[in-house]
Every structure is written in structure tokens, then in C-alpha cells.
Asker: 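I have a structure here, written as C-alpha cells, and I will follow up with some questions on it.
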Amino acid sequence: MADIKKTLGLAAAAAMLALPAFADTAPKMDSGDTAWMMTSSLLVLFMTLPGLALFYGGLVRTKNMLSVLMQCTLITGLVMVIWVLWGYSMAFGGGTSPYWGGLGKAFLAGVTPASLSGTIPEYVFVVFQMTFAVITPALIIGSIVERIKFSSLLVFIALWVTLVYFPIAHMVWDGSGLFFKMGAMDFAGGTVVHINAGIAGFVGCLVLGKRTGFGRDNMAPHSMTLTMVGASILWVGWFGFNAGSALASNGTAALAMINTFVATAAAILSWSAIEGMARGKASMLGAASGMVAGLVAITPACGFIGPMGAVVLGLIVSPICYFFVTTVKGKFGYDDSLDVFGVHCVGGITGALLTGIFAASSLGGVGYGKGVTMGSQEMVQLEAVLTTLIWSGVVSFILYKLVGAVMGLRVTEEEEREGLDLTSHGEMAYHS
Amino acid sequence: MADIKKTLGLAAAAAMLALPAFADTAPKMDSGDTAWMMTSSLLVLFMTLPGLALFYGGLVRTKNMLSVLMQCTLITGLVMVIWVLWGYSMAFGGGTSPYWGGLGKAFLAGVTPASLSGTIPEYVFVVFQMTFAVITPALIIGSIVERIKFSSLLVFIALWVTLVYFPIAHMVWDGSGLFFKMGAMDFAGGTVVHINAGIAGFVGCLVLGKRTGFGRDNMAPHSMTLTMVGASILWVGWFGFNAGSALASNGTAALAMINTFVATAAAILSWSAIEGMARGKASMLGAASGMVAGLVAITPACGFIGPMGAVVLGLIVSPICYFFVTTVKGKFGYDDSLDVFGVHCVGGITGALLTGIFAASSLGGVGYGKGVTMGSQEMVQLEAVLTTLIWSGVVSFILYKLVGAVMGLRVTEEEEREGLDLTSHGEMAYHS
Amino acid sequence: MADIKKTLGLAAAAAMLALPAFADTAPKMDSGDTAWMMTSSLLVLFMTLPGLALFYGGLVRTKNMLSVLMQCTLITGLVMVIWVLWGYSMAFGGGTSPYWGGLGKAFLAGVTPASLSGTIPEYVFVVFQMTFAVITPALIIGSIVERIKFSSLLVFIALWVTLVYFPIAHMVWDGSGLFFKMGAMDFAGGTVVHINAGIAGFVGCLVLGKRTGFGRDNMAPHSMTLTMVGASILWVGWFGFNAGSALASNGTAALAMINTFVATAAAILSWSAIEGMARGKASMLGAASGMVAGLVAITPACGFIGPMGAVVLGLIVSPICYFFVTTVKGKFGYDDSLDVFGVHCVGGITGALLTGIFAASSLGGVGYGKGVTMGSQEMVQLEAVLTTLIWSGVVSFILYKLVGAVMGLRVTEEEEREGLDLTSHGEMAYHS
Amino acid sequence: MKLIIAAIKPFKLEEVREALTSIGVRGMMVTEIKGFGSQSGHTEIYRGAEYAVNFVPKVKLEIVVSDSLCDQVVDTIRKTAKTDKIGDGKIFVLDVDQAVRVRTGETNDDAL
Amino acid sequence: MKLIIAAIKPFKLEEVREALTSIGVRGMMVTEIKGFGSQSGHTEIYRGAEYAVNFVPKVKLEIVVSDSLCDQVVDTIRKTAKTDKIGDGKIFVLDVDQAVRVRTGETNDDAL
Amino acid sequence: MKLIIAAIKPFKLEEVREALTSIGVRGMMVTEIKGFGSQSGHTEIYRGAEYAVNFVPKVKLEIVVSDSLCDQVVDTIRKTAKTDKIGDGKIFVLDVDQAVRVRTGETNDDAL
Ligand SMILES: Nc1ncnc2c1ncn2[C@@H]1O[C@H](COP(=O)(O)OP(=O)(O)O)[C@@H](O)[C@H]1O
Ligand SMILES: Nc1ncnc2c1ncn2[C@@H]1O[C@H](COP(=O)(O)OP(=O)(O)O)[C@@H](O)[C@H]1O
Ligand SMILES: Nc1ncnc2c1ncn2[C@@H]1O[C@H](COP(=O)(O)OP(=O)(O)O)[C@@H](O)[C@H]1O
């Protein structure tokens, strides 16, 4: 367990695909691993639809509810199709570039029901990874809801997954990927998913500007109930995300699972505690935010650290995110509408850096690779974080500007006032 | 994989049960297969409760919300009990008639925790099939909501599953069944479930007549949010339905799974695209409808065709269903209230026929049985479709008339106006 | 199967942990069992969040919705952290006292990703049990919602799990536990979970007193839709609870699963039938109540009785619970707000006692242990029930009084009138 | 000018609106209300608890018209909203001093 | 005839309705409104965002009665709705010209 | 005293409330209504079914003020609620006979 290679979970299996020399000792298909990975795949879909859709949808005003649901739904449809056309290949196509996987598996060329990826059918690996490719861009919308133009969003997302997500997924999870080779520890995708989406959302809200009436109109969540349901579904589904990233049904998955339980529990407690101290009342939105912050932070760490480390990590992350979504956001006045930056990006960075620390066997973690110290590991973690921030931040900026120039990014103020549901989709969420 | 017998999924296991000659080479229980099939069983329950209940419930008016939830809930309770009393036996009782399985396993006689069905406990096979027997009649109500009399519905359903569902399930999935012997390809029940329920619903709405105020009153969905949640749960649960129909955790299940992902994704896109072109706006109800249409269409095909075929199938089905629920329905003026015919029946037929085409190995499918050509397979598919339409259509008609004569089918106009929640169930869905 | 030790499910594995003499013949990790148990664990979390939260939340008034969601969420966070700190050890720490497991595994000392519990990683056993420890106290709140002080509740729960839940869990499920040694049959926790929480809730509503306006104000459920969704999620998740209690993916799990299907189905039917007879209309709340009553009653029995016994058990439990929540409650006038006593405690006792009967092989059950008769088994069942009632009732009473004395149990009447959402949590569930 | 307040059955709203439009009414305010009158409410039972709901859903119209149109409006509502069943509703007429159109500042009859 | 408009605290509705029924009021229209007055609203905080809600939930009653009953109605509401805390509400009385019962066409006092 | 009834665009509510407060208005009743007027509604399509919604969401204010304040209130609403787009709303003024404050029993101008 001390050997980092063995514990890299997802990455390990990806590595196997990339190393044909191992072929003759390749593992057989295991029905238990396959069962777990199929379950995990649908759990991650469940996270997006209806999980994230409800978590976000509950937070917007009634008049924009359907627009959020539509954005999540259409991103899901769009990215899934793109994934089997060229996405999977760009990420895991077998190419040896550190930046992308090539086009060798475009259209899933060569993949059959008999193909294996480790101990599971390759099709299962394809769908599992597909669900990650779907939820990541869906996370972005939280920064830009209630004003983004629907068609522009879809074009932006199609470009974004191609130029940002697939390359970074390759870097982190593929055996030939940049971060993988550097030895970055990211068990279930803290960089690829949360930091990546978080910074893309942040750039988005800066480019788009604030919602009309921001700071003046009451923009309270139209249904905190739905938001709580969405957050709960995210938690349940996240076990597919995290424990599924072991790519097997074994002790590593079990470790990822227990950590995903307790870090989240601790983060709920610490967010509620800090709210209780700061304003005398713990709110449901606070507890739900803590839940998500805990989940985000444990994502990179879950297969590497021990349960006590996970509790501490959960306790730490909430106050940090709380500080960002209240103080920092208030101070700078950007309208990161549903706090994608404050929770996903900041929580993701916190998790990535703490992974490198709590992985120490002295702190109950699985330990570092040969010759690696806590300090050196932290440098690698930092490098992965910064590279992601820059790559995603810069390319996202360019794509927003590009799409904005060609087709415009925002709806009109009139449409914003009437609500996107009616003006962009021709329907309303609720009738009597 | 080219041998159709091996790829028939569900049917294959049923065949095993029916062929005691294989007993000595019979497979052992496999914990991975069992885990997946238990998971699949609860996923299909999840599809009905709360999935379908919400999908349908969101589409009716507030005053009828609980009536829809009650109909789904009581159908579930009723059919489950019937299933273990005589339903399982009628479908899979071991009898050799092409039309039913006899009563040899009534009351689950002879089934013990040690009984196997393929590599899984027979009890798991019983419950997996039970969930199919539940969701099929629940689908029917979409055509007749907001006016059907509750007690009459339950009597109708009890008769319907006995005289329509169990026989057709036997025909399709049992080794001695009519369609099975014909070599009809229906991986997860496109005929048994969707065409069957779709035509029964259609006949129902013709017999019952339109809702009071149809075409005049605003009958807009009371909660598109709930409908979207229901559709999403249907998608998530459908992996139990489709990939579960492999009856094992293996490459065939993986194939069914990836197809269930991408066909649905493609159908979402094509329904939204056609709406965007036809009226300038893509709606949430459209995307949800596309989702369901895609799921329906991929159901018979999912274990037989390749992922690229699935994408194409998904792209094709939505425009066809769209045409039916908008143009055809509008033209003929029937009140198929929630479009069971337009989506399930039409989508099911589309899927059944395209299965026979995309199964061709030249199109990425698993290929046909020995001596079978695309043309001959299509004839078989057509025959299975027509037999189902006629059997279900005629028997359903008789049952509606019978129940109507004995106890009446509709509530009074007064009750319809006040809403079924208060008048049939004595409660209201929402209070403040 | 006749040997009770072999069929004790959960208890059997616990016993293994407690008997190091078996170590050399100890089973290997099984990926299928592990997959099922990981799935089961997240299903039980799903039961609590959002299942129980919605089931309960839908039943309260709009102004208290978030308070219920918060109570469920924070209990989840709190108990999970307590569980890994000292709870697991107190229940399953390896100590040989019949009343608790000692502190040998406090902070999960000695548990690693390689530790096994039967055929699954011990971490999986830890999380599976953790989810039980979470849902049990969450059930209690149903008796005391809409008036309990939030901070007091959390303190009460922390004490309650420590002094009531962990000891009773040890008694029932650990090889050295009191009830386990007595040979009490409780497959998935009818005593530990339902009777235990039910009586604690009942005592709570007596100590707290009625809600302001009880019997005068309209306290109708604010969203029967959400209650139905919650009940459905409870059902789906309950398969993790019940079939998961086999701690493996095998025939016993399959038996538990089919029973959890059909007993629930039967209980839905009988609750609706009795309502139909008593007041002419079957209500959604009735059907949902029957669903939960059936699930509660089958919990102790699910791995011991046959499916036909389960149907009968389901048919029996609903009328009994119905009598309690309508007649008995009305007569004595206590405000067990969401009927925790009437459904969970009464249903749990019914199930516990009927388990001892339907387990008879002559009634289709798995039979009794050597030398055990139906009569002697019933005495044991009764003893376990009474011990639980007394232990939990008395200790809960003391804890309520203690917490009440130190920090008060109720909010002010003014706050109650305005609603706990605003006054305790500073937010409202719904905006437009 | 007169303010005409009418409580009618909700499902009659569209019909009444159309009828009024056809006789020249160009604006109104519509509110969903709970009506109390001779038409009785209903009883709901939730497990043991029984709640008598004494109110019936109604729709309230408020229409300001010139004096000359008033009688015709009252008449039209009366005819269109009528189902001859209890609970059909009531119409009340009040005097209005002054009317202003916000957009243009037009007053009184011009503002309607 | 008089139109009596009263804004009261929501939880007083049932009590007021009963009291009015007992003095002979046979109908009314009830609307859920947002009240603004000296009783202050509340503040909600969602993450960083703070919203001052200046309105308080109230219930508005509209009752048309014969002139003779008017004072008694005002009095009854005043007594029953009173809790002596701020925000108890207001009662306004207006003149009604005409009343019609839709079902029967009865007018004025007969229509009430 | 006068009762001022105004139908305005919902997003103008806060602004109008503030403006009125600043000229001395100390209370009002606010109701969400469906407005019908020259501003047209919208059409929704659900699968094949097309529904024309003829009503537009508006907010109705009801304010009782002393005669002396009346003109100023009307004026303030007119100015603040104005966006110069169709559907800005209407203001109506009616006579009020009597006003009572429930809490204190104060009447007329003292009650406002
Ligand atoms: N005196 C009244 N003042 C105000 N509204 C009234 C009055 N009487 C009746 N209404 C309204 O008219 C509606 C219908 O009245 P109701 O007495 O039920 O039937 P009907 O008008 O057929 O006798 C009531 O629901 C209520 O909203
Ligand atoms: N001038 C007014 N015009 C119309 N409604 C008013 C007026 N003043 C008060 N109200 C209504 O009466 C309610 C109670 O008034 P408020 O000033 O809060 O308390 P109190 O009447 O005890 O002084 C307000 O919420 C509002 O709905
Ligand atoms: N005659 C009327 N009686 C009552 N309310 C009216 C009347 N005319 C208009 N209204 C209200 O005023 C709102 C705005 O009126 P509308 O005719 O759409 O715009 P505008 O006032 O700019 O001409 C309407 O939605 C309605 O609520």
C-alpha cells in the first residue's frame, strides 16, 4: 500500500491500457468489479440528473428554474455524444503525448463487448469516464445562470470539453499524461473536475457580468427543499464518483467510500458551526454547502488518506469555503451566482493540497511513492493545481470571448427580467 | 457473439430454466452477477416509484397530482402480490405452451433461497421480472389520468396483467414462448413493456373519451420540475431495466449500458433540435420527452447493436415521436393525455424495427443467428410487434368495456372539475 | 438453512469477528459481496438523505420544512463523526461484554483497507453499520418536530446514540451481545432501529407536549408529493437495509429482498383497503403509511421467513398500525406528530413477534435453531422487545429531562407560530 | 367610474373574460381567493387528523369601468358566470373617484 | 351596503370567521397578502447574500354587509383579531352601490 | 380618507414602496394578481398543446391615506412605477368611510 503506483486507482487501470507489455498477465473480467463499476457509472449520472440540476435549480428564482434544468440536461446529451465520437479517444485513446490521447479510438474504434480495461469491460470504463466528462461542464453553469444565452452555452460547452476537459483528463488519469507522470495524487478528479470547472465558471461570471438587479432584487433560492434534495443526491452519487474511481470492488474502494462519508459529515458540521457562531443560526443552505464542500475536498484524497485524516480535512474545508462565498465574494462583488468558484474551485484546491499532506502514513494515509517526501509531493500537487488553473482559465476566457463575439453570451435585460423559462424555452416550471 | 441464442440476454437464462438437460453443466451462483441483478431490481422499482409517478404526476394539474401518485403506488402493490401468487408462474412457470407458463410455480412453489436461475438466485430473477410486471401497467395510466375511476382502474389492471402481460412476457422471454422461438430480438422488453402498454393506453383513452375541458382549459403541467426529476430517475433506473436484462454482470450488460447512455443522449438532442427548428425554442418537456423516447427505443436493441448504431437510433426516434404527439394527435383529436401512445408505443415500434437493422454486424451490431438475414429478421420483428398490438389492443378493449359495464370507468364531471385528489382520495397535494 | 446461526445474517459476520479461532479458515474478500455491500451502504444513506427527510418534511407545515431537513442533515453529520470516533467500537469493538463492545476500536484503531469482516473489507462493514446508526436517531424526530429546539436536539442525539443505540446494536448484532446469545431473531434491526427509535420518539412527544394549536389549527401536510417521494426512496433504500443485512450477495440476500418487496406491497394494499372501508376513500398518505409499516414489519423477518409469510405479515401489520395512529392516538391525545410510535414502534413490535412465528418451516420460513420451538422463540422475541422498550424508554426519558433542564427543549410559542425555518435557521423553504 | 368586484368560480374565468372583452372591457385585475359563503367546503383526513376546510377556491375580478358601461358589465358577468349551482358568486359595485394610467398620465375614463 | 376590508394576522382567520358567522355574516372573500406597516419584516441570509423582507404575511378579508350590520362586524373583527401586539391589523369601511347574487340575480341586501 | 388601488409591474414594488415610505405612507396591502389589459400575455406550448395565457403577473397595492396625502401618493406611484412601456399599470382612488386600527381601536386618520 505504500507504493503509490498501486494506489493510484483510476490512473492505475488507465496505465494498464497504455502498457501492452503487461498484456499476458492482464487480469480477467471480474463480475463483482463490473457490478460495482456499472453501479458507479449510473450513480455519477444520477449526480448530474437530477442531482446537480436540482441543487442548482433550487437556488435560482422560479422564473429561471427550467433554464437550469435544461442546461444540465442538454449538456448531458451533448457531451455524451461528443464523448463517444472523439472525447474518449482524446482522453484515453492510447496516444503517448502527455497532453492528449490522440484519435485512435475516435468513434470507439476497436472497442467491443469483449474488450477489457483492467478487470472490467472497456465499455464500462468508457461510460464511467463519460459521466465525469458530463458533470464537469455542468458544474460551470452555476456561475452564469439566469443570464446566459442557451444556444451560446451549448456551443461554448462543446468547445470547452474538447479543448479543456479532455486534455486535462488525459493529463491526470492516463498513464502517459503530464500530471500522472509527475506523480500528482488525485484519486477521483479534484483537479480535472472541480478546480477545472470552478475556474471556468469564475472566468465566465467575470466575462458575463452580474445579473440584472444583483444586490438589489431579492434573489433568494426558489426552493431550498430542492436544493437539499439535490445536495443529498450528489452525496449518494458521489460514492460512484469516488469509490468508483478505484475501478474495482475492493479495499481501496472501501477506503474511498468511508472517507467520502466522514469528510462530508465533518464538513457539514463545521459549516453549520461557523454559521452558528457568525450569525447565531445554522441554515439549510449552509449545511448543504458544507456537504458539497466536503465532497469536493475529499475527492482527490479519498483513496490516499485515512478516515481520521478525512474527518480533519472535512472540518478544515468548510470555513475556508465559507470565507470565500461570504467575505471574499462580497468584497470583490463578482456575481458567481451559485458559488462555483467559492465551493468547487476553492474546495478543490484545498483538497488537492491537503491530499499531499494527509497521505503521509504518519497521518494515517497510504504513504508516498519511493523517494517522495511530503514537501516534494506538495510541490507536485501545487504544480498540478496551477497548471489546471491556468490552462482552464485562459482557454475558457478565450472561448467565452469567441462565442460572445460570434453569437452573444447574454440574453436581453427584458428577457432576463421576464425569466429565461418563458423567453428561452417557452414554458413555465409551475402551474396550479 | 454472432450466435443469437447466446446474446438473447434475459431469454437465455429463461431458456436455461426450461431445459433441465443442461442441469449438470449448470452455472454456479456468482456473487457479482447477483449483486448487479439485485441492484437492477431495485433500480426498476425506482423507475416506477417515484420515477414514473413523478414524470406523470408533474404533467397533470395540481388537483389530480395525488391521484396519479396513488395509481402508481397501488398498481405497484397490487401487481407485486399478484406476481408471486400466479403471475410468475404464468410467465415463467416451466410449462411448454407458447402462450403461458402454466401454474406449476403458483405461490412460488418450489422456489427456495438455494434455487438458481442461471448464475443468480431464482428469487432475484423473480423480483427482477416482478418489477417489469409492475411498471408496464403503470405506464398505461398516462393515457387515462385525470378522469379514470380509481377502483375500476385497479380491477382493470388486475385483469390486464393476467390476460395480457403475463402471456406476452412468456411469449417473449421464456424459452418455450412464441416470439422467443420465432427468434424475435427484444433484449429488454420493447414489445412486452412499451408497445404493450402503449397500445393498451391508447385504446383506453379512446374508450374513456377526452377530459372535460380538453382543448379549452389550460392543462399545462403543474410541475415541470417534478416531470424532469421523474424523467431523470427513469433514465437512471433504466440501466437496471436494460443492462439488468443481461442477467449478469458482464460485457453484454456493459454493451446494453453504453447504448442506454448514448441513444438517450442522442434522442434528447434530436428532440430539442426539432423543437428549436419548429418553434424557435427547445423546451424542458421536449428534452424530457426525447429522453424517454430514446430510452424506449433502445430497450429492445440495447444488447444487440453497437454504440454508433445507438446514437443513430436515438437521433431517429425523437422526430418520429414528435410527429405523433404534435401533428398526428392534434389531427385526430384523441386525448392520450400524457402521450403514452405517441412516446411508448410509437417509440417502441421504432426501436423494435430498428433493432433488426442495426443488429447487423456490418452496422456495428452483434449480428444475426445462423441463416438469418436482415430481411427475415425484420419480418420476425414485425410479426412480434403486430401480434403484441393486436393481442393487447383487443383484450384491453374488451377489459375496458367489461369493467366499464360493471362498475363504470369515469368519475363524474363534477368530480373531474373539483379534482380527483379531493373527490377520490380525500386529500390535497399541497398546503401552505 | 435450519441452523439458526447460519441464517443470522448480520450477526453471523459479527460473530466471525468475535471468534478469532476461525481465523485460519476465514473467508477471502469477495468482490461481488463487496459490491453489493457498498451499494447497500449508500442505499441506507439515501434512505435518510433525502428519503426520510422528505417523508417527514412533506408532512410538516411549510414554515417548518427546512427545520426538518436540517435536523436530518445535522444528525447525519453528527452521528457519522461520532461513529468513527467511538460508536463503532462501542458496538463492534471486539469486547466480550453482552452490553457493549468496549473501546478497542475507538478512532477505528487497527482497521485498514486490508482488514476483512467476513468476505468484505471491514471499512465496508463500518460504513454499512454507520448508516444504520444514522437513520435510527433521525427517525425519532418525527415525534417532536415543529417545536423542538435545534441545539438541544443535537445534544440529545449525541447522548442518545452513545447510551442507547450503540449498546443495543451490540446486544443484537455482536456475537457476544445479549440478544444475540439469547437467540433473538432480528435479521435487519427491527428492535435496534424501529422499536428503539419508536419508543424514544414516543417518550419525546410526551415530555415535550403538543404543538401549539394542535387539534385546532390546520396542520395538514405541506406537500404530500414530497412525502410520497420520501416513502418511495425509503422503499428503494430499504433493500440496502434488509438485503444488505445478509452481508453478502447470495441466496439469503435474495430472500430478504423478495420479502421486502412483497410484504411492503401487501401492506400498501391492506392500509388502502382498510381506509377504503372505514371512510370510503384510500388516501396517498395512507398508502405511504402502509408502505412504511410494511417495511418496518418485514425488517426483522426478511431473512427468516418465506415470501408467502411475508405477504401475510404485510397484510396484518397495516390494520394494527392504522388502529394506533387513528383510534389509540386520538383517544389518548398525545401529539406523536408524524406517528413514529404508531408506525415504527408498533410496526416493529408486530414484525418482531411475527418473525418468531413465520420463521417456522411449516409456514415457509427457514426454521428454528436446534431445540428451539415456536413458543420458546416467541419468548425470546418478546424478551428482546421488552428489554429494548424499557432500556430505550427509560434512558431516553432521562436524557430528555437532562437536556431540558440544562438548555430547554422547546422553542417559544412565538417562534413556533412564525415557524422554525425563519426563527431557528434564518431562511425560508420557498420563494417565488 | 365604477369598480366592479366579482367573486366567481375559477373555471368560469376564461369565459367571463372573453365575454367582457367582447362588450368593450379593456382591463381587469384577477386574484385567486378563498371564498366563504353558503357553498360549503370539504373535509380532509390525514391519518387520524380531520380538517374541515371552510373555504372554497374562487376567483375575484376587479374591473373599473365608466359609469355607462357598468350595468352591462354586471349583466354580462351574471349571465356568463352562472351555472345555477350554489357558489356561483357575487357582484359588488363601488364608486370610483379617480383613475390614472401610469404610462401616460391619462386620467379617468381615458385611463381605462 | 358597506364593504369592510380588514387586514389581520393569518392565524386569527378561523377565529374571526367563526365570530363573524355567529353574528350573521354569511359570506366573505379571503386573500393572502403581504402586509406593510409598523410591524417589521425579517432578514434572510443565503450564503453571503442578505435580503431584508419588508413585508409580513397577512390575510385580507372583504365582506359586504348591510348598513345595519356594519358596526357590529367592525367591532367583532376588532375584538377577535386583537392580540395587543404590533401588526394586529386594520379595518376599512367603504360604501357599496349595488350587490348581485349571480345564481339568482337577487340584488342588494337580498344578495348578501 | 381615500383607498388608492394600484396595479404595477412586480419588479417595481420595492422602489414604489420606498418612495411611498419617504412621503409618509405608513402602511399598505400588497397582493400578487394576474393583470389583464392592453399588454398581451404569452403562449406556452407543451408537446402538441398550445395555451395562450392572457394574463400578465402584476402586483396590486391597496393603500388607505388621509385625503390630504392622496394626490401626492397617486403622483408618487405614477412617477416611480413608470417605465414608459405598455403594462405599467393603473391607479384608482375610492372613498373610505371609516378606518380602525385593531390593536388600539384608534379610528380614521389616527388609524393609518
Ligand atoms: N357578503 C359577502 N361579502 C363578500 N363576498 C361574498 C359575500 N357573500 C358571498 N361572497 C363570495 O361569493 C362566493 C359565493 O357565495 P355563496 O354564498 O357560496 O354562493 P351563492 O352566491 O350561490 O349563494 C363566496 O365564496 C364568497 O367568495
Ligand atoms: N394605510 C394602510 N393602508 C392599507 N393597509 C394598511 C395600512 N396600514 C396598515 N395596513 C395593513 O395593516 C397591517 C398591520 O399594520 P401595522 O402598522 O403593521 O400594525 P398595527 O396595525 O398594529 O399598527 C399591515 O401589515 C398592512 O397590511
Ligand atoms: N379597467 C381596468 N380595471 C382594473 N384594472 C385594470 C384596468 N385596466 C388595466 N388594469 C390593470 O392595469 C394593468 C396594466 O394595464 P395595461 O392596459 O396592460 O397597460 P397600460 O396601463 O400601460 O395601458 C393590467 O394588467 C390590469 O391589471
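Letters A, B, ... mirror the listed sequences (proteins, then strands); counts begin at 1. Since the model is a prediction, treat every value here as computed from it, not as a measurement. Heavy atoms only: backbone and side chains are in, while hydrogens, waters and symmetry mates are out.
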Asker: With a 3.5 Å distance limit and no angle check, can you tell me whether Asp88(D) reaches the backbone of Lys82(D) through a side-chain donor-acceptor pair?
Answerer: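 Checking the backbone N and O of Lys82(D) against the side chain of Asp88(D), no donor-acceptor pair under 3.5 Å is found.
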Asker: Quick check on the interface: out of Ile5(D), Ile86(D), Asp95(D), who has the most heavy-atom pairs with chain E under 4.5 Å?
Answerer: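 It is Ile86(D).
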Asker: Verify side-chain contact (heavy atoms from CB on, under 4.5 Å) between Val56(D) and Lys34(D), making sure each step is shown before the conclusion.
Answerer: CA-CA 5 Å; Val56(D) 182; Lys34(D) 303 193 269 186; over 6 Å; no
Asker: With only heavy atoms counted, which part of Lys60(D) is less than 4.5 Å from chain E, the side chain, the backbone, both or neither?
Answerer: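 It is the side chain, since no backbone atom gets that close.
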Asker: Would you mind checking which part of Phe92(D) comes under 4.5 Å of any heavy atom in chain E, side chain (CB onward), backbone (N, CA, C, O), both or neither?
Answerer: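 For Phe92(D), the contact with chain E is made by backbone and side chain together.
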Asker: Has the side chain of Arg26(E) got a donor or acceptor atom that lies under 3.5 Å from a matching backbone atom of Gly37(D)?
Answerer: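 Between the backbone of Gly37(D) and the side chain of Arg26(E) there is no qualifying donor-acceptor contact (under 3.5 Å).
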Asker: Between Thr21(E), Val30(E), Val25(E), Val64(E), who has the most heavy-atom pairs with chain D when the cutoff is under 4.5 Å?
Answerer: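 Highest number of heavy-atom pairs under 4.5 Å: Val30(E).
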Asker: Strictly distance-based, threshold 3.5 Å: is any side-chain N or O of Asp109(D) a donor or acceptor partner for the main-chain N or O of Ser66(D)?
Answerer: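 Not confirmed, Asp109(D) side chain does not pair with Ser66(D) backbone.
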Asker: Begin with the C-alpha distance, continue with both residues' side-chain angles, and end with the deciding distance and a verdict on salt bridge (charged side-chain N to carboxylate O under 4.0 Å, His left out) for Glu32(D) and Lys58(D).
Answerer: CA-CA 6 Å; Glu32(D) 287 168 13; Lys58(D) 298 278 168 201; over 6 Å; no
Asker: With only heavy atoms counted, which part of Leu61(E) is less than 4.5 Å from chain D, the side chain, the backbone, both or neither?
Answerer: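 Answer is neither: Leu61(E) stays 4.5 Å or more from chain D.
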Asker: Side chain, backbone, both or neither: which part of Leu3(D) has an atom under 4.5 Å from a heavy atom of chain E?
Answerer: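 Contact with chain E involves no heavy atom of Leu3(D) at all.
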Asker: Tell me, for Lys85(D) versus chain E, whether the close heavy atoms (under 4.5 Å) come from the side chain, the backbone, both or neither.
Answerer: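 It is the backbone, since no side chain atom gets that close.
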Asker: What residue in Thr83(D), Ile4(D), Ile33(D) has the most heavy-atom pairs under 4.5 Å with chain E?
Answerer: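 Of the candidates given, the most pairs with chain E belong to Ile33(D).
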Asker: Of the options Val16(D), Ile8(D), Leu20(D), which is the one that meets Thr80(D) in a side chain to side chain contact (heavy atoms under 4.5 Å, CB included)?
Answerer: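 It is Val16(D); the other options fail the test.
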